[in-house]
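Lettering of chains follows the sequences in order, A, B, ..., and the numbering in each one begins at 1. The structure presented is a predicted model; accordingly, all values stated were derived computationally and were not measured.
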Amino acid sequence: MSRMHDSGGSCSSNQSISIVWFRRDLRVEDNPALAAGVRAGAVVAVYIWAPEEEGPFYPGRVSRWWLSQSLHHLDSSLRRLGTSLLTKRSLDTASTLLEVVQSTAASNLFFNHLYDPLSLVRDHQMKELLTSQGVTVHSFNADLLYEPWEVNDENGQPFTTFVPFWNRCLSMHYDPATPLLPPKRIIPGDTSRCPSDILIFEDESEKGSNALLARAWSPGWRNADKSLTAFVNGPLIEYSANRRKADSASTSLLSPHLHFGELSVRKVFQLVRMKQLVWANEGNKSGEESCDLFLKSLGLREYSRYLCFNHPYSHERPLLAHLRFFPWVIDEGYFKAWRQGRTGYPLVDAGMRELWATGWLHDRIRVVVASFFVKVLQLPWRWGMKYFWDTLLDADLESDALGWQYISGTLPDGRELDRIDNPQLEGYRCDPNGEYVRRWLPELARLPTQWIHHPWDAPEPVLQAAGVELGSNYPLPIVEMDAAKARLQDAVAEMWQLEAASRAALENGTEEGLGDSSELPQIDRSLEADMEVEHEQLTNNISVRRHQDQMVPSLTSSLVRVEEEEASVASVRASDSRAEVPSPTDYELQSHREATGQAARHTADADADADAVAFRGANVTQQLSPVRLDHAEHSAGQSSGSLRESGVVPVWSPPPTSSCSGLFVNDDAGITNSGYLDRHLHSRRRMNWGQLPQTTMYLAFTTSYGRTRSWEMDNAIG
DNA sequence: CCCTCCTTGTC
DNA sequence: ACAAGGAGG
């Protein structure tokens, strides 16, 4: 029906057709690529789903759920404006784009920038390909206040610490671009020869869990906008006082919206700045400070992009090489206890259960559980990153990499590696009345506040009165704090020793680089070689240490034990009404089945293995109206009821398929772009990665596009 | 007014 | 653990 209309209306010879390629910019407001397309004439809006290209960064279940909702929302908006969203399933984005261009007779391609390492490479290549085919390609900044290459120190060098970076952003001599209004009307391009594919983002097994998410969150740019307004007019003014409270009432909850670009950071920035002016004029000091603090968490999001652009491998390799020599504890039992919220530290456990149930976690709590993971359990940081990637609604490669590096002490301005965050102390800071713990750990609900963050110290009668039986219905601490401190000292000392030895070897000129693990102790090699032995030990819960960064445990290595363990966990679970916890068995078996067959299935579960978390502003971010899954009151007495009510969300998102699992057994293998990464390993001195080489991608951009010209010129379109 | 001790926050 | 900022001498 629309065909004749289209050819008559939109395709007159003096109007060019533009492809507007949506990615993580799922909004019509302040979308420069869309605006450029509209200005140039007719528009074909397209979204391409090519998750295989993401390799190990295949989106987790909750991310895919959000994406599907958000795309739907965007499509509705586009329809109201006169067009619709063309959706394509693809294994190769560039060729699909070319196909779309050709079948719609488009002459332009517009899109907005992404800064994660995979996109940087892919977009660059795609741009070259399409340009060589005679397509005019322009790209824009829709995600940041300032492009990473715009913000430099007085020597023209990129910043290597956050505070100076952010101060510079706040004092640039020009303002961030003013947000664009949504187009009034979009002239549709003719897509009759380019039909949409139906995109599938969830499989049957995931539907139930996803339905629960829908009760708590409303994806889509209009909802994002509402949330923003509600936050700015509501909790923002109290932000400085409330931001460290563990529950989400005072946070914006905007982070998933920001991740998918449903919300323009420039709009957020502008709005908050205006509020700040008002409050400053009124002499409202705390309101003014609240704005600063909130903007700072926006700044961290900016900084995560900035770091990724300047150091694209930071998601898989610590920026400071020393962490490669940390003797990680390879213990999947620890890993499992952490995931399930059964470490014996209430704040940690409450956080892990909230994460599981809601797909969200307060920034503070992210720091606490991640720090516990790395420093107390000493599990390889990338395992934790992978888990966050799979479970967080706002999973975001750049922010997550920043967060984990921050707590692992591999940023110049990060936390010291040897400083343990004590969950007990943190607990009384961000959950002084124990409400948060009681909500998520009903088994501790009747414990007095005095003991709520350290039940192991509570006198026996108190425990009894509260119905707590340590070691039975709530675990004893998985590792004692004093022991953890000592262990960490040793590990760090060992790490520095090895690092020094490696550097010495390097300076002697005998070794080419750190990529070669032959410098590492023999024991490491033998462990690599003898997986059987290692598994035997693990079964008996004896920790094995391994150096070098560790990839996530392979599918096969965890499959065996899980089943027997599940049985015991299940029996415990049956006896109390505690929140359900991930039970990997189902999905592992299922996805193992899939792995053996259908490689290119649309269903979303293929190879999700990855790193990344979203520390980005858990503070900043996220503002949704009724965000809680369990809205039942969390009065101490009946919190178990409220948890049951919440239903909880128990399907851990998919593990690696066979096609990828090989990558995770061997450290440093694979990851899509490891080729260029491996060529750029450098050992640098501690706290001095300012001298790290600019990476390949950075150079590619600056040479082939001209560092300052390229994307600026793009912006001058129209 | 300055010095010191205590409190507070750390991307 | 440590630095910065505030209170108090």
Side-chain angles (χ1 to χ4, degrees), chain A residues 144-145 148 151 158-170 239-246 251-252 255 258 265 285-286 289-290 292-311 314-315 318-320 323 361-371 373-376 381 384-385 388 394 396-432 481-482 484-486 488-489 492-493 612-621 686-687 689-690:
Chain A
L144 297 175
L145 300 176
V151 186
F159 290 98
T160 55
T161 49
F162 171 72
V163 171
F165 163 82
W166 185 232
N167 287 336
R168 173 57 52 90
C169 288
L170 291 173
Y239 189 75
S240 66
N242 290 338
R243 78 208 147 93
R244 51 190 116 92
K245 300 252 176 75
T251 55
S252 77
S255 63
L258 284 171
V265 283
K285 276 266 176 269
S286 82
E289 190 198 357
S290 289
D292 274 334
L293 290 166
F294 182 75
L295 289 176
K296 186 174 139 196
S297 49
L298 269 194
L300 286 168
R301 181 182 176 282
E302 297 269 311
Y303 190 57
S304 71
R305 270 73 180 151
Y306 187 80
L307 275 188
C308 263
F309 181 78
N310 288 305
H311 308 278
S314 61
H315 61 292
L319 287 178
L320 294 167
L323 204 61
L361 209 51
H362 189 290
D363 182 57
R364 292 275 146 174
I365 311 297
R366 294 183 197 206
V367 171
V368 169
V369 300
S371 174
F373 186 90
V374 170
K375 299 175 185 192
V376 176
W381 67 297
M385 225 160 128
F388 271 25
D394 58 14
D396 179 283
L397 200 49
E398 297 94 315
S399 295
D400 297 356
L402 176 63
W404 282 93
Q405 302 241 16
Y406 167 67
I407 56 105
S408 305
T410 60
L411 293 171
D413 50 355
R415 299 203 164 195
E416 311 268 316
L417 177 56
D418 44 13
R419 202 197 103 199
I420 288 185
D421 301 276
N422 186 327
Q424 178 183 340
L425 298 178
E426 290 298 317
Y428 284 108
R429 289 186 131 199
C430 61
D431 182 30
M481 265 307 139
D482 289 342
K485 276 180 191 154
L488 188 58
Q489 298 294 333
V492 169
V613 182
F615 281 79
R616 130 190 26 7
N619 277 339
V620 165
T621 29
R686 187 183 190 201
M687 301 305 153
W689 52 269

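Shown here are the side-chain contact (heavy atoms from CB on, under 4.5 Å) partners of A:Leu293, two or more places apart in sequence or in another chain: A:Tyr239, A:Ser240, A:Arg243, A:Glu289. Residues passing the side-chain contact (heavy atoms from CB on, under 4.5 Å) test with A:Arg419, sequence neighbours excluded: A:Arg415, A:Glu416, A:Asp421. Looking at residues two or more places apart in sequence or on another chain, you find a side chain to side chain donor-acceptor pair (under 3.5 Å) between A:Asn242 and A:Lys245. For A:Gln405, the side chain to side chain donor-acceptor pair (under 3.5 Å) test picks out A:Thr410, with sequence neighbours left out. Under the side-chain contact (heavy atoms from CB on, under 4.5 Å) criterion, A:Pro164 pairs with A:Phe159, A:Thr161, sequence neighbours left out.
Proximity of A:Arg429 to the phosphate of B:dT10: no side-chain N or O atom is located under 4.0 Å from OP1 or OP2. Listed pair A:Arg415 / B:dC11 fails the phosphate criterion, with no side-chain N or O lying under 4.0 Å from OP1 or OP2.
The nearest whole Å value for the distance from the CD atom in A:Glu289 to the C1' atom in C:dG5 is 13 Å. Spacing between atom NE2 of A:His311 and atom C1' of B:dC11 amounts to 15 Å, rounded to whole angstrom units. Here the P atom of nucleotide B:dG9 and the CD1 atom of A:Ile407 are 21 Å apart, to the nearest Å. Rounded to whole Å, the distance from OH on A:Tyr428 to C1' on B:dG9 is 21 Å. Distance, A:Leu402 CG to B:dC11 P: 11 Å, rounded to whole Å. Rounded to whole angstrom, the span from the CG atom of A:Asp363 across to the C1' atom of B:dT10 amounts to 12 Å. Whole-Å rounding puts the A:Leu300 CG to B:dT10 P distance at 10 Å. When rounded to the nearest whole Å, the span between CD of A:Glu426 and P of B:dT8 equals 14 Å.
Between A:Arg305 and A:Asp396, the closest side-chain pair of non-hydrogen atoms falls below 4.5 Å.
Judged by ring centres under 5.5 Å apart and planes tilted less than 30 degrees, A:Tyr406 stacks against the six-membered base ring of B:dC11.
Within the 3.5 Å criterion, the main-chain N or O of A:Tyr306 finds a donor-acceptor partner in the side chain of A:Asn310.
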Using atom names, set out every protein N or O paired with an N or O of nucleotides 1-4 of chain C below 3.5 Å, distance rounded to 0.1 Å.
none

